[in-house]
Amino acid sequence: MKKILVTGGAGFIGSNLCKRLIDEGEKVVCLDNLSSGKKTKLRSLLHEANFELVDHDICYPYHCDDIDQIYNLACPASPIFYQEHSIQTSKTSFLGSFHLLGLAKKTEAKILQASTSEVYGDPLVHPQPEQYYGNVNPIGPRSCYDEGKRLAESLFFDYHRQHNLQIKIARIFNTYGPGMDPNDGRVVSNFILQSIQGKPLTIYGDGQQTRSFCYVDDMVDALIRLMNSDDSITGPVNLGNPVEYSMLDLAKTIASSLNREVLFQFTKLPEDDPKQRQPDITYAKNVLKWEPQVNLQDGLKKTIRYFKNLS
Ligand code: UDP
């Protein structure tokens, strides 16, 4: 049995990862300051002997002795939330990574960083391969997240080069599924809730901007495969579903999954909102022998069921 630290374990992807690791018989210590994460997401784990939830902000050092693996998933990830808490977001990305890398160095644990497709900013290359350096506005409203995650990647590589740390960097593209926060303002949760409640779907801009949506179980599979991959694999590795949708098509797909007639309400496109986003996952397919298994229609059905049960 491995002892695994999951930071941000009360968040959307983190809580799904904690559940999978416990199912696989591992011992899990979840660190979360519960700023955007919720204890309720971990309800089914709180009484497990192998699971521990620690209320801790990774902007401050965390000490423990015997850790085999660290997944650093702690950071607000919803654009609305991280822009509201922009300084905290930069601090979490930099100071959090710095403290966890120090812990990995001391304990000789393998450490995986949840990076993001946002390191590509508003990409000018399509689809995005890992070699693309991106097109990021360094001073815009999204930069706390984009630049924070870029700096974290840079710090991870310096610890790898200078201290020989075993690092893994996952560039996570848009992910959805059970465990999403209904109020975090993401497009999938907004459209599903608005459809269930009979409200118009809020399309930002003309709805022609694109994203590629990965079901959370596929993402958790990929993260575990990356963590357990050969030491020579540091990444960065793009993880996501390469099937690309415009927001207008996503809205129509969600409406038809719910069998609803819906109205659209067009509003202003947020500043620096990327126009196109689609991962090139050739590298992940080669080194992890992984590709997404759940298509959008099937994933949406499970996600809709989850949101219906919440209300
Ligand atoms: N979006 C939208 N309506 C909403 C929420 C989001 O049209 O109610 C758009 C948003 O402008 C962006 C895309 O959907 O182009 C994905 O937004 P999200 O916040 O889910 O994640 P992002 O990919 O921007 O981090």
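For ligands, and for the atoms within them, numbers begin at 1 and follow the listed sequence. Only this structure's heavy atoms are used, side chains among them; waters, hydrogens and symmetry mates stay out.
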Q: Using distance alone, with no hydrogens and no angle criterion, decide if Asn72 and Gln113 have a side-chain donor and acceptor under 3.5 Å apart.
A: yes
Q: Quick one: sort the Phe94 and Phe98 rings into parallel, tilted or perpendicular, breaks at 30° and 60°.
A: parallel
Q.
Give me the residue, atom name and distance of the protein heavy atom closest to atom 13 (C) of ligand 1.
A. Met247 SD, 3.7 Å
Q) Counting only heavy atoms, which portion of Asn174 has something under 4.0 Å from ligand 1: side chain, backbone, both, or neither? A) side chain
Q: Would you tell me whether Thr210 and Gln278 have side-chain atoms, one donor and one acceptor, within less than 3.5 Å of each other?
A: no
Q) Under 3.5 Å between some N or O of ligand 1 and some N or O of Ile203? A) no
Q: May I ask whether Gly207 places a heavy atom under 4.0 Å from ligand 1?
A: no
Q: Please state whether the rings of Phe266 and Phe264 are parallel, tilted or perpendicular, taking 30° and 60° as the class boundaries.
A: perpendicular
Q. Just distances here: any N/O of Gln209 and N/O of ligand 1 closer than 3.5 Å?
A. yes
Q. Between Gln69 and Asn228, does any side-chain donor sit less than 3.5 Å from a side-chain acceptor?
A. yes
**Q.** ligand 1 contact by Met180, heavy-atom criterion under 4.0 angstrom
**A.** no
Q) Who's closest to atom 24 (O) of ligand 1 heavy-atom-wise, of Arg142, Glu118, Gln208? A) Arg142
Q.
Could you tell me, atom by atom, which parts of ligand 1 come under 4.0 Å of a heavy atom of Gly185?
A. 5 (C)
Q: Would you mind telling me if ligand 1 is within reach of the side chain of Gln194, the backbone, both or neither, using heavy atoms under 4.0 Å?
A: neither
Q.
Would you say that Gln194 contacts Gln265 through its side chain, given a criterion of any heavy-atom pair below 4.5 Å between the two side chains?
A. no
**Q.** Test item: Thr282 and Pro129 side chains (from C-beta on) under 4.5 Å apart, heavy atoms
**A.** no
Q) Counting heavy atoms only, which of Leu201, Val187, Asp273, Asp206 comes nearest to atom 10 (C) of ligand 1? A) Asp273
Q.
Below 30° counts as parallel, above 60° as perpendicular, anything between as tilted: where do the rings of Phe173 and Tyr120 land?
A. tilted
(Q) Just to confirm my output: which protein heavy-atom neighbour is closest to atom 23 (O) of ligand 1, and how far is it? (A) Arg211 NE, 2.6 Å
Q) Looking at Asn190, which atoms of ligand 1 are within less than 4.0 Å of one of its heavy atoms? A) 4 (C), 5 (C), 8 (O)
Q. How close does the nearest protein non-hydrogen atom get to atom 1 (N) of ligand 1, and which residue and atom is it?
A. Tyr204 CD1, 3.3 Å
Q. Side chain or backbone of Thr202 under 4.0 Å from ligand 1, or both, or neither, by non-hydrogen atoms?
A. both
Q | Asp184 side chain to Phe81 backbone, donor-acceptor under 3.5 Å | A | no
